[in-house]
Amino acid sequence: MIASPKHLPAGLPDAAIRFDNLTLGYDRHPAVHHLHGTIAGGSLLAIVGPNGAGKSTLLKGVAGALSPLNGRIEIARPGRGGARVAYLPQLATLDRTFPISVADVVASGLWHKAGLFRRIGNAENAALEAALAAVGLAGFQQRWIGSLSGGQFQRALFARLMLQDAPIILLDEPLNAVDDRTAADLLEVVKRWHGESRTIVAALHDLQVVRSLFPQTLLLAREAVAWGCTEEVLTPQNLMAARRMSEVFDEHAHECARDAA
């Protein structure tokens, strides 16, 4: 039986992210549609689904990089400063040919505090060095990013996320193109963030990792197939339903009218 995405486990904290009849897409063609649901504050949520299921699209929408065609995304804003969202796109989409150092990449995580052109001080430099040490890149400050392996570059991006210090962290396939040791180390960072009560949403394809670490899962196939406790979502029946829904999706479906609201 496919679990209803509107019926999440009871007793969860207040929402960090809420989807209200959300439709996202490109050129007014839906890639994610009619999504309802709530991501509770402090959640550790995996988004899984077949290729082309809309996982990356959904994260772009939450990050503010893609505007809804219809419906809304609501993000909780605790305190006067408002909520910040830290977003890590897929490694393959990032350009590593630009001549910039590891320190510069990681320091960009401080822009929300220091501003784009302000020189960072001793405290910020200490935080940068601590973040690099935490991801296993101590001493890499002056290395060019083009000289790094895929795993080393992903470690640097995780260090940047640490300096962003955001309450909501979005990760798009963070373990792709990295070695097993790096994957294990990065998952330890994710566990640490979860222990700090941050809300973490990660698009992943490795179901073994999802089952071992993520208590909540959204199974997506352009729309929600199931959403709730991971062991109840990742059933053979639900996975088969997601595969079938993805296969029959009409790439030439009618365009959506953009929501005037």
Side-chain angles (χ1 to χ4, degrees), residues 1-13 15-17 19 32 35-59 62 86-92 135-136 150-151 154-155 157-158 161 168-247:
M1 180 177 177
I2 298 176
S4 169
K6 295 183 182 179
H7 293 84
L8 302 183
L12 291 174
I17 304 167
F19 306 118
V32 174
L35 183 63
H36 293 270
T38 296
I39 301 175
S43 290
L44 182 55
L45 174 75
I47 304 177
V48 303
N51 290 338
K55 303 184 294 295
S56 295
T57 299
L58 181 57
L59 291 183
V62 177
Y87 169 52
L88 180 68
Q90 289 191 34
L91 196 59
V135 297
Q154 194 74 314
R155 288 173 186 266
L157 296 177
F158 264 63
L161 289 173
I168 299 173
I169 300 174
L170 311 176
L171 306 171
D172 194 355
E173 297 289 0
L175 308 182
N176 272 7
V178 303
D179 58 275
D180 291 344
R181 173 63 184 275
T182 296
D185 289 347
L186 296 182
L187 287 175
E188 287 301 316
V189 175
V190 171
K191 290 178 185 177
R192 191 181 320 153
W193 285 334
H194 185 226
E196 295 167 351
S197 298
R198 303 179 196 272
T199 303
I200 303 164
V201 183
L204 296 160
H205 69 272
D206 190 331
L207 298 186
Q208 182 175 346
V209 169
V210 174
R211 288 188 171 102
S212 65
L213 181 60
F214 289 78
Q216 299 286 317
T217 296
L218 166 59
L219 177 56
L220 198 63
R222 307 279 183 152
E223 61 185 75
V225 178
W227 186 352
C229 295
T230 295
E231 62 184 18
E232 297 175 2
V233 169
L234 296 184
T235 64
Q237 296 88 343
N238 286 345
L239 293 171
M240 179 62 72
R243 191 175 305 115
R244 288 174 176 168
M245 289 169 65
S246 184
E247 289 171 352

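For reference, positions follow the sequence shown, starting with 1.
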Roughly how far, to the nearest 0.5 Å, is CG of Leu171 from CG of Leu45? 11.0 Å
side-chain hydrogen bond (donor to acceptor under 3.5 Å, both in side chains) involving Thr199 - partner list, sequence neighbours excluded: none
Look at the side chain of Arg222 and the backbone N and O of Ala53, then say whether any donor-acceptor pair between them is shorter than 3.5 Å. no
Minimum-distance pair of heavy atoms, taken over all atoms of Ala203 and Asp172: CB-OD1, 3.7 Å
Do we see a donor-acceptor contact under 3.5 Å between the side chains of Ser56 and Gln90? yes
If we only count heavy atoms from C-beta on, is the Leu157 to Val135 side-chain gap below 4.5 Å? no
Check: Gln154 side chain, Pro174 main-chain N or O, donor-acceptor pair, under 3.5 Å: yes
List the steps and the verdict of side chain to side chain contact (heavy atoms under 4.5 Å, CB included) for Tyr87 and Leu59. CA-CA 8 Å; Tyr87 169 52; Leu59 291 183; 4.2 Å; yes
How about Leu218 and Val201: do any of their side-chain heavy atoms sit closer than 4.5 Å? no
Distance col, row Glu173:CD vs Leu91:CG, nearest 0.5 angstrom, shows 11.0 Å
Can you check whether Leu207 reaches Val48 side chain to side chain, under 4.5 Å on heavy atoms? yes
For a side-chain hydrogen bond (donor to acceptor under 3.5 Å, both in side chains) check, start with the C-alpha distance between Asp185 and Thr182, then their side-chain angles and the critical distance, and finish with the verdict. CA-CA 5 Å; Asp185 289 347; Thr182 296; 5.7 Å; no
Interatomic spacing from CD1 in Ile17 to CG in Leu170 - rounded to 0.5 Å: 6.0 Å
Any donor-acceptor pair under 3.5 Å linking the side chain of Lys55 with the backbone of Leu204? no
Value for OG (Ser43) from CD1 (Ile168), rounded to nearest 0.5 Å, stands at 10.0 Å
Where Ala221 and Ser246 come nearest, the two heavy atoms and their spacing: CB-N, 4.3 Å
How about Asn176 and His205: does a side-chain donor come under 3.5 Å of a side-chain acceptor? yes
Reference residue Glu196; test side-chain hydrogen bond (donor to acceptor under 3.5 Å, both in side chains); the match among Arg198, His194, Arg192: Arg198
Yes or no on side chain to side chain contact (heavy atoms under 4.5 Å, CB included) for Leu220 and Val225, after CA distance, side-chain angles and deciding distance? CA-CA 6 Å; Leu220 198 63; Val225 178; over 6 Å; no
Check: Leu175 and Leu187 side chains under 4.5 Å, non-hydrogen atoms: yes
Rounded to the nearest 0.5 angstrom, the CH2-CZ distance for Trp193 and Phe158 is 5.0 Å
Heavy atoms only: give me the nearest Val210-Ala46 pair and the separation to one decimal. CG1-CB, 3.7 Å
Could you walk me through whether Val190 and Ile169 pass the side chain to side chain contact (heavy atoms under 4.5 Å, CB included) test, one step at a time? CA-CA 9 Å; Val190 171; Ile169 300 174; over 6 Å; no
Could you grab the distance from atom CD1 of Ile47 to atom CZ of Phe214, nearest 0.5 Å is fine? 10.0 Å
Side chain to side chain contact (heavy atoms under 4.5 Å, CB included) between Val32 and Glu223: does it pass, once the steps are laid out? CA-CA 6 Å; Val32 174; Glu223 61 185 75; over 6 Å; no
Just by modelled atom types, is the Val233 backbone N or O under 3.5 Å from a matching donor or acceptor in the Asn238 side chain? yes
